[in-house]
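Only this structure's heavy atoms are used, side chains among them; waters, hydrogens and symmetry mates stay out. Below, read A as the first sequence line, B as the second, and so on, with proteins coming before strands; counting in each chain starts at 1.
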Amino acid sequence: MNGWVRVLALHGGLLAVLFAAQFLLPAYHHGNLARIMVLASYAIGYNILFGYTGLLSLGHALFFAAGMYGMGLGVQHLGLTPAPALLAGIAAGAVVALALGLLALRTVGVAFMIVTLMFAQAGYFTILYFSEITRGDEGFVIAQAQRVLWGIDLSASANRYFAAWALFSACLLACLWLVRMPFGKTLVAIRENEERVRMLGYDTFAHKLGAMVISGAISAAAGASYGLLFGSAGASFAGVQYSILPLLWVLLGGAGTVLGPFVGTLFMFYLIDLSSGITTAYMLIAGVVLVVLTLFAPQGLMGELRRRFWRGLP
Amino acid sequence: MELGPYILLASIEGAVMAAVLALTAVGLSLVFGVMRVVNIAHGEFFMLGAVIAWYVAQTVGGHPAIGFVAALVIAPLVVGAIAAAADMTILKRIAYDPERTIVATIGLLYIIQQLTLMTYGPDARPVEAPFNQRIALPWVEWGEDGLSFFHPWGLATTSYKLFVIVAAAVVLTGVRMMMTRTRIGLLMRATQADSDMALAFGIPVERVYAMVFGIGAGLAALAAVLIVPISQAHYLMGADPLLLSFIVVIIGGLGSLPGTVVAAVLIGLSDGIISVFFSPTLAKILATLLVGLVLVFRPQGLFGTRAP
C-alpha cells in the first residue's frame with residue numbers, strides 16, 4: 001500500500017498547495033491560476049478519452065461549448081439560477097457526447113479524428129447561425145446578479161478562485177478514482193489492444209461510449225464553470241482552437257497521467273501569456289510546442305517522469 | 001434579373017470555385033493516397049501560395065501579367081520546397097504514423113499561419129489580374145419575332161475567370177498524365193500500392209514521399225495563385241479551402257483522383273448555386289454534417305469503389 005499512500009500524498013499535496021496559493025499570490029497570478037484550474041478540468045476531461053482510452057478527438061470544443069451554452073442560455077433565456085444552470089450545462093455536454101459517440105465510435109483512427117472535427121465544426125457554425133439566441137461571435141455577458149450561487153458571489157476574485165479550486169479538485173479526484181476502478185483499467189486495456197480486450201469478452205463499444213460521455217460531461221462542467229466564473233459565453237469557445245488546446249495541454253503534461261493535464265495547462269498558459277507580451281502571433285508557440293512534442297517527447301512531462309522515476313504514477 | 005440568367009451567373013462563379021477547389025483537393029488526395037497521411041496544414045500551403053504571389057507581384061513590377069506569370073512559377077516551387085523540407089524534417093522522423101502526423105501538421109498549421117501574420121501582417125492584399133476584360137453573356141428569350149439573343153444587364157463574367165477554369169483543367173490533365181504516363185508517376189503508384197515492396201525493389205520511398213508531399217502542397221499553392229486576383233491574400237484564408245478540400249476528398253473517396261475531381265466540380269457548382277439561395281453558414285453546417293455522416297456510414301466515399 002506504500003504506492004497508494006504516495007499517490008494520495010502527491011495529489012492531495014498539489015490540491016493543498018493550490019488551496020494555500022490563493023492567500024499568497026498577487027492579484028494577477030491569482031486570477032490566472034483560477035482560469036488555469038478551470039481549463040485544467042477541461043483537460044482532465046479530454047485526457048480520459050485521449051490519454052486513457054486512446055481516442056484522439058479533435059472536437060472537444062463541442063462539449064466545452066455545450067456546457068457553456070447549456071448553462072449560459074439557461075441563465076439568459078430561461079432565468080435559471082446558477083446551480084440548475086450548471087447541471088443543465090453538464091447534462092447538455094453528456095447528451096451531446098452520447099450522440100456524437102454513437103456516431104463517431106463506428107469509426108477508428110484518422111476517421112474518428114476527422115468525424116469529431118467535422119461535427120464540432122457543425123456545432124460551431126450552428127452557434128453562429130442562431131446568432132439571435134447565442135449572439136454569435138461576440139457572445140453575451142452573464143451579469144453579476146446571475147452569478148450568485150447559494151448566496152456566494154462568484155464574480156468576486158476570492159470566491160471565484162475557491163470555486164475553480166473546488167471544480168478542479170472534484171475533477172482530479174474523480175479521474176484518480178476512475179482510473180483505479182476496473183472500468184478505468186479496462187479503458188487503458190482498450191487503448192493498448194482493443195482486439196484482445198474484445199476477445200476477453202468485454203463490450204469495448206460500451207466502454208468507449210462510457211468514456212466519451214464521462215469525458216464530455218467533465219469538459220461540459222469546465223465549460224459551464226468557465227462561463228459562470230468569468231461571466232461570458234461566446235462562439236470562439238466552440239472553434240477549432242478550443243479543440244486543439246486541450247490536446248496540446250494533455251500532450252505537453254503527459255497523456256494518460258492524472259496530473260498531466262494540470263501541468264500541461266499551467267506551462268502552456270504561462271508560455272502563451274509571456275509570449276503574447278512580445279508578439280500578437282502567440283499561437284506560434286502552440287504550433288512549435290506541438291511539433292516538438294510529437295518529435296521528441298510524445299510522452300509529455302509527467303510521462304517522462306513516470307518512465308524515468310516512478311513506474312506506478314497513475 | 002430573371003431566375004435563368006441568375007443561375008447561369010451562379011454556375012460560372014461555381015465553376016471558377018470548382019476549378020480552384022479541384023486543384024487544392026487533388027493535392028490533398030494525392031498526399032493521402034500515396035502516403036496514407038492527412039495533412040491538416042494543407043490550407044496553409046494554399047495561403048502561402050497566395051501570399052508569395054503577392055510578394056512576387058510586388059517585387060517584379062511592370063505589367064501585371066509579368067508578375068502573375070512569375071508568381072505562377074515561383075509560388076508553387078517555393079511552397080513545394082517548404083513542404084518537402086517539412087516532410088523530411090518532421091513527418092519522416094515520426095515514421096508517418098497517421099495520428100501523430102495529424103498532430104504534427106496541426107502544429108505546422110499554426111507555425112505557418114502565425115509566421116505569416118508576423119511578417120506579412122493582418123491585411124488582405126490584392127494581386128492584379130494579368131487581363132480582365134468584361135464579357136457580357138447572351139441569354140435567349142422567346143420574344144415577339146421568335147427566339148432571340150440578348151444581353152441582360154448584370155449577366156457578365158471576366159476573361160480572367162474563364163482563364164482560371166481552363167488553366168485548372170490543363171493542370172489536372174497534367175497531373176493525370178504524370179501519374180499514368182511518366183516514370184515518377186509509376187514510382188508513386190508503386191509506393192501507393194505497397195511501400196514495403198516498393199522499397200524492396202529499390203524505389204527510394206522516402207524521396208517519393210517528400211516529392212509527393214511537395215507536389216501536393218504545390219498544387220494548393222498553384223490554386224491559390226490562380227484565385228488571388230479574384231479574392232485577396234490574407235493570413236487566415238487557408239481555413240475554407242482546407243474544409244472544402246476535406247469535404248471533396250472524403251465525398252469523392254479517399255485517395256481516388258478521378259473521384260476527387262468529380263466531387264470538386266459537384267461541390268463547387270452546388271456551393272455557388274446554394275449560397276445564392278441559402279446563407280453560407282447554413283451551407284457550411286450541412287457540408288460539415290455531410291462529411292461526418294459520409295465518413296461514418298460510407299467511408300469509401302459517395303463515388304468510391306475501393307473497399308473500406
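Residues L284(A) and Y110(B) have side chains not in contact (no heavy-atom distance under 4.5 Å, counting atoms from C-beta outward). At a threshold of 4.5 Å between non-hydrogen side-chain atoms, the residues L293(B) and F119(A) count as touching. Within the 4.5 Å cutoff, the side chain of V103(B) has heavy atoms near those of the L56(A) side chain. Put simply, the side chain of Q121(A) does not reach to within 4.5 Å of the side chain of F246(B), judged on heavy atoms. Looking at L108(B) and L290(A), their side chains never come closer than 4.5 Å, going by heavy atoms from C-beta outward. L243(B) is listed as a side-chain neighbour of M118(A), based on a closest heavy-atom distance under 4.5 Å.
Heavy atoms closer than 4.5 Å to chain B are found nowhere in L105(A), neither backbone nor side chain. Of the atoms belonging to L58(A), it is side-chain heavy atoms, and not backbone ones, that fall under 4.5 Å from chain B. Neither the backbone nor the side chain of F130(A) comes within contact range of chain B; no heavy atoms are under 4.5 Å apart. Of the atoms belonging to I285(A), not a single heavy atom falls under 4.5 Å from chain B.
In this structure, CD1 on I106(B) lies 12.0 Å from CD on Q241(A), to the nearest 0.5 angstrom. A distance of 7.5 Å separates CG in L295(A) from CZ in R100(B), rounded to the nearest 0.5 Å. Rounded to the nearest 0.5 Å, atoms CG (L128(A)) and CD1 (I285(B)) are 8.0 Å apart.
Considering all non-hydrogen atoms of both residues, V291(A) and A104(B) come closest at CG2-O, 3.6 Å. Among all heavy-atom pairs drawn from T107(A) and L295(B), the shortest one is CG2-O, 3.6 Å.
At most 12 non-hydrogen atoms from other residues, nucleotides or ligands lie less than 6.0 angstrom from CZ of R196(A). The number of heavy-atom neighbours closer than 6.0 Å to CZ of F205(A), taken from other residues, nucleotides and ligands shown, is above 12. Residue E206(B) places its CD atom among 12 or fewer non-hydrogen atoms of other residues, nucleotides or ligands, all under 6.0 Å distant. For R198(A), the CZ atom sits in a packed shell: over 12 heavy atoms of surrounding residues, nucleotides or ligands are nearer than 6.0 Å. The environment of CE in M237(B) is crowded: more than 12 heavy-atom neighbours from other residues, nucleotides or ligands sit within 6.0 Å.
Note: L103(A) leads L103(A), L293(A), T116(A) in heavy-atom pairs under 4.5 Å with chain B. Residue with the most contacts toward chain A among L286(B), L282(B), L117(B), T89(B): L282(B) (heavy-atom pairs, distance under 4.5 Å).
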